[in-house]
Structure formats: structure tokens, C-alpha cells
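Structure, as C-alpha cells:
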Amino acid sequence: MAGRKTSQRTSLNFEISDSDDEKEEISKVIRNLGAKLQEKEELQHMLDAVGEDVAGGSTEASSSSSQTWTVRQALSGERWRNARPQLLEAMLEAGRVPKGFCQLCHVKEAVISCTDCLPKHMLYSQCDITVHRQYSLHNRSSVVGSSHRALPPTVIFVNDASGEPTLGEEVRLLPFALPKSICSCKAENVSVSGGQKIIFVNMNGRYDLSVPLLTCESCKCKWTPQIKDLIVNGYWPGTIDFQTVFAIEVFSSFEDLKICAPGLSRHAFVRLLESRSVRAGRSRLKISRRVFFWTYCRHEIELLLGDDHFSCPACGDDMVAVSLDGNRKMYRFNRKGADESPYFEGTFVSKDTEVEAFVARIRHQVKTAPGRFRIIGLNMFRGEIFAYPLYLQQDLGKQRKIEFAQT
């Protein structure tokens, strides 16, 4: 029996035989297709604009690119605004005191949290002592009780008679590369203990530590670091007997900050280190300006190596112009009773004796010159520009017929 041949639709246009339900279905399909096509066109447009921004590198910014950048910034700002509750909740969760077993022994309950020891940062008292005898510069905090408490490196937990953790103290050593031998005896006869107590300062602030003291149990020979050993290990003595020791990174970081922010003072930098120290449960600190003798020593080494940080690519042998007002934040320490020669005399700042002799010679010539030619000044309304001294030289040249002037 021949079946009835079903007709196939070749378009989405309405036909006479279509019912109302079919027409409604066709209209819905058309609307969905139109919306998807529009979304695809908009997405492709944004992808093309982003691709031009990333790979184009053109100096001409089209309006579409700027609009796309604006859209991206708006979307980024909206995502950050939507993430505010999540960020606040995460910060509150981070302030919660963690509880759990030690992540080293997995037996005892942790009493110390040390984020510098991540991923195994929860430690039992004895495990904490074992780890931080070697890593004395870690920032630790107590997780006993209901709040965090920052602990200095010398404070530890010990168990009392009832087994409860109580605070105690133990010597912590300055990280140091120790010599292989200090005498002719066997190495196993040498013990390491805490020697002279020092104040150690790095970019995290102050630490109360001790320098290592090596003692041979056989011959009683002893070894403790000297200034040379400190410098070789990346430290700098704050005093000659190094009761205070600095990490050299403190000075190099201060120089980097001075280049980025010339107005930063030494006292402000010290307050930065002090705040980081106090936040970690350690003591306050003070830094004498004498510790910057490191800068002088490094300068002398650079002279031997031929390095010159003050050379200017624009100031070669055929110099066109020069500014006499270069400012490298040179401090003046004018204190009553202080008699100290500068470290960089004649290098950055001219010698006082030479300047005084020149001033005296000029004053003598002015007083003894025939007719005592007129000295004049002017108001610098526009700051220190080259035109002002040139005007004065011109005025002086008219009086004395000067054809060449050296400033």
C-alpha cells in the first residue's frame, strides 16, 4: 500500500496550511535564532577588538578598542564588587585560630602556627623547637587559646608537670655558615652553643639572637664569628664589636627606596622596620647613621672597579650644557660638638676649604677692583632657569667687557 508522502519544510516562512500552534512555534524558533546570531556577532566583535589590543601594538587607538577596554574595566570592577562579601568572609576566616594535630608528628595537638613553614605550618611544641632551632627567622604565632599571639624567636612552649603547654625561652642562633673545623681534633668533638647576644635587623625588623659559639670538648678550643665572617655571610656590623648586626639587604633596599621615593628619610625607613618588628611580637629598634659606613665601603670598591653611578649619558666629552643644582639628597649633620670628616669629601660635595678659598678670592677682587663694579640680583619668578644667570652675566659683561664666563 502506497503511503502518504510527507512534505518537508524548506523555509521558516508561514504557509497557508500552518495552524496557529505551528505558526507560534515557528515564531519562537525565529526569535531564538535571531538572539543567538546577535550574541554571536557581539562576541565575535569583542574578540576581534581584544585581539587587536593584544597583537596590534599600533599607536593609533581606534574607538572600538577604547570602548572594549572600557567594557573590560567595567566588567572587572563589577566582578570585584561582587566578590566583596567573599573576600570579607575569607579575611574573617583567616583570623580564626586554627585547631588540629601537629603536621609533623601527627600525634600531639599543635600549639604553634608558622606560615613560613607552609605547607606544614601547624606544630607541636617539641616539633616547633626542632624546626626553628634551624630556622630562627621565621614568624611564629601561638594558637593556644582563642586568639593569635605573635611570638619572638626565643619564646617557646614547654610542658609543665600537668602536661599543659607554658611559655619558656631558648637561645636562637643567627643563621651562619660554620667552619668545617676549628682545631685538629675530630669534628664530632665540636659542640655549637649560643655566644654573644646580638640585635639582628633585616627587612622584617628586629630579632634578639646570639652568634654561634663553637667549642671543642677535647682541646677546649673556641671559635666565634669576627667582622670578616659577618660580611662574608651577608651581614654588616652595626657597631665595631657587632652588638648589632644588619642584613645587607636592609641597606640595598633603603637605596632602592630612595631612588623610587627621594623624599623618604632614614627615620621613616626605621619606623617601617620597627612596625614590622612589633607586629611580629618583637622589640623596637634604633639605627645609627654610622651603619651607613657600608655605603662608603661599597663606593670605594666601585672606584676600584671603575663603576660610576653618577655618569650621565647626556654628559659626554662634548658637553652642551650643565646644571649646577644637582641634588642627591645629601644630608647635613651640623651638631654642636661634632667633629667628623665626611665620607665622600670632594666626590659629591666640594671640599669646604676649596670653596672658602674661592669665596675669599672673589670678595677680595670685588673690594680691590677699580670702581668696584656693581653686583646686581633679580627676582626668580619662574624658579631656577638658565635664563636668569645668563641675564646677570650679560649685565656684568656690559660693565666689564667680559667675553667669556666660566660658571
Exercise. Are Glu255 and Lys258 close enough for a salt bridge, meaning some N to O gap below 4.0 Å?
Worked result: no
Exercise. Can you say whether the rings of His138 and His132 are parallel (under 30°), tilted (30 to 60°) or perpendicular (over 60°)?
Worked result: perpendicular
Problem set entry | Beyond-backbone contact of Ser275 with Arg279, side-chain heavy atoms, under 4.5 angstrom | yes
Exercise. Could you give the distance from OG1 (Thr130) to CG (Leu123), rounded to the nearest 0.5 Å?
Worked result: 9.5 Å
For this session: Kindly indicate whether the side chain of Glu300, heavy atoms from C-beta on, has any atom under 4.5 Å from the side chain of Leu304.
Result: no
Seminar exercise, completed: Closest non-hydrogen atoms of Ser141 and His148, given as atom of the first, atom of the second and distance, are OG-ND1, 3.6 Å
Exercise. Hey, what do you get for NE2 (His267) to OG (Ser265), rounding to the nearest 0.5 Å?
Worked result: 6.5 Å
Exercise. Counting N and O atoms only, with roles assigned by atom type, does the side chain of Gln196 sit under 3.5 Å from a partner on the main chain of Asp241, one being a donor and the other an acceptor?
Worked result: yes
For this session: Mark yes or no for whether Gln103, through its side chain, and Phe101, through its backbone, hold a donor-acceptor pair below 3.5 Å.
Result: no
Problem set entry | Residue pair Ser218 / Asn189, side-chain donor-acceptor N/O under 3.5 Å | yes
For this session: In plain terms, say whether Arg96 and Glu93 are close enough for a salt bridge, that is, a side-chain N and a carboxylate O under 4.0 Å apart.
Result: yes
Problem set entry | Atom CD1 of Ile240: over 12 foreign heavy atoms under 6.0 Å | no
Problem set entry | Heavy-atom closest contact (Asp160 atom, Glu164 atom, distance) | OD1-N, 2.7 Å
Problem set entry | Separation between CD of Glu109 and CE of Met122, rounded to the nearest 0.5 Å | 8.0 Å
Problem set entry | Smallest separation among heavy atoms of Leu137 and Asp116, with atom names | O-OD2, 4.4 Å
Problem set entry | Flag side-chain contact, heavy atom, 4.5 Å: Trp80 against Leu87 | yes
Exercise. Hey, are the side chains of Ser136 and Phe200 touching, using non-hydrogen atoms and a 4.5 Å cut-off?
Worked result: no
For this session: Using a cut-off of 6.0 Å, state whether more than 12 heavy atoms not belonging to Glu78 lie near its atom CD.
Result: yes
Problem set entry | Minimum side-chain heavy-atom gap Lys222-Leu214 below 4.5 Å | no
Exercise. Any donor-acceptor pair under 3.5 Å linking the side chain of Ser253 with the backbone of Glu249?
Worked result: yes
Exercise. Crowded around Glu188 CD? As in, over 12 foreign heavy atoms under 6.0 Å?
Worked result: yes
Exercise. Can you tell me how far the CG atom of Leu104 sits from the CG atom of Asp128, to the nearest 0.5 Å?
Worked result: 9.5 Å
For this session: Mark yes or no for whether Arg140, through its side chain, and Pro152, through its backbone, hold a donor-acceptor pair below 3.5 Å.
Result: yes
Exercise. Using 30° and 60° as the class limits, which term best fits the ring planes of Phe254 and Phe269: parallel, tilted or perpendicular?
Worked result: tilted
Problem set entry | Test item: Leu167 and Arg149 side chains (from C-beta on) under 4.5 Å apart, heavy atoms | yes
Problem set entry | Whether Phe246 and Phe251 hold their rings parallel, tilted or perpendicular, with breakpoints at 30° and 60° | tilted
Exercise. About how many Å separate CZ of Phe157 and CD1 of Ile129, when rounded to the nearest 0.5 Å?
Worked result: 11.0 Å
For this session: List the steps, then state whether side chain to side chain contact (heavy atoms under 4.5 Å, CB included) holds for Arg172 with Ile156.
Result: CA-CA 11 Å; Arg172 287 288 179 262; Ile156 61 173; 3.5 Å; yes
For this session: Mind running side chain to side chain contact (heavy atoms under 4.5 Å, CB included) on Ile248 and Tyr235 for me, showing each step along the way?
Result: CA-CA 5 Å; Ile248 291 181; Tyr235 305 128; 5.7 Å; no
Seminar exercise, completed: For Cys117 and Val131 the tightest heavy-atom approach is SG-CG1, 4.1 Å
For this session: For Lys99, look at atom NZ and say whether over 12 heavy atoms of other residues, nucleotides or ligands are found less than 6.0 Å away.
Result: yes
Seminar exercise, completed: Checking Leu230, Val211, Val232 against Phe176 for side chain to side chain contact (heavy atoms under 4.5 Å, CB included), the one that qualifies is Leu230
Problem set entry | Among Asn204, Asp208, Asn139, the one residue meeting side chain to side chain donor-acceptor pair (under 3.5 Å) with Arg282 | Asn139
Problem set entry | Between CH2 on residue Trp223 and CG on residue Leu213, distance to nearest 0.5 Å | 9.5 Å
Exercise. Which pair of heavy atoms, one from Tyr124 and one from Val111, lies closest together, and at what distance?
Worked result: C-CG2, 4.1 Å
Problem set entry | Nearest heavy-atom neighbours spanning Leu209 and Pro153 | CD2-CG, 4.0 Å
For this session: Take Thr154 and Glu170 through the test side chain to side chain contact (heavy atoms under 4.5 Å, CB included) and record every step on the way to the result.
Result: CA-CA 5 Å; Thr154 55; Glu170 186 178 70; over 6 Å; no
Problem set entry | Side chain proximity check, Pro165 to Ser125, heavy atoms < 4.5 angstrom | no
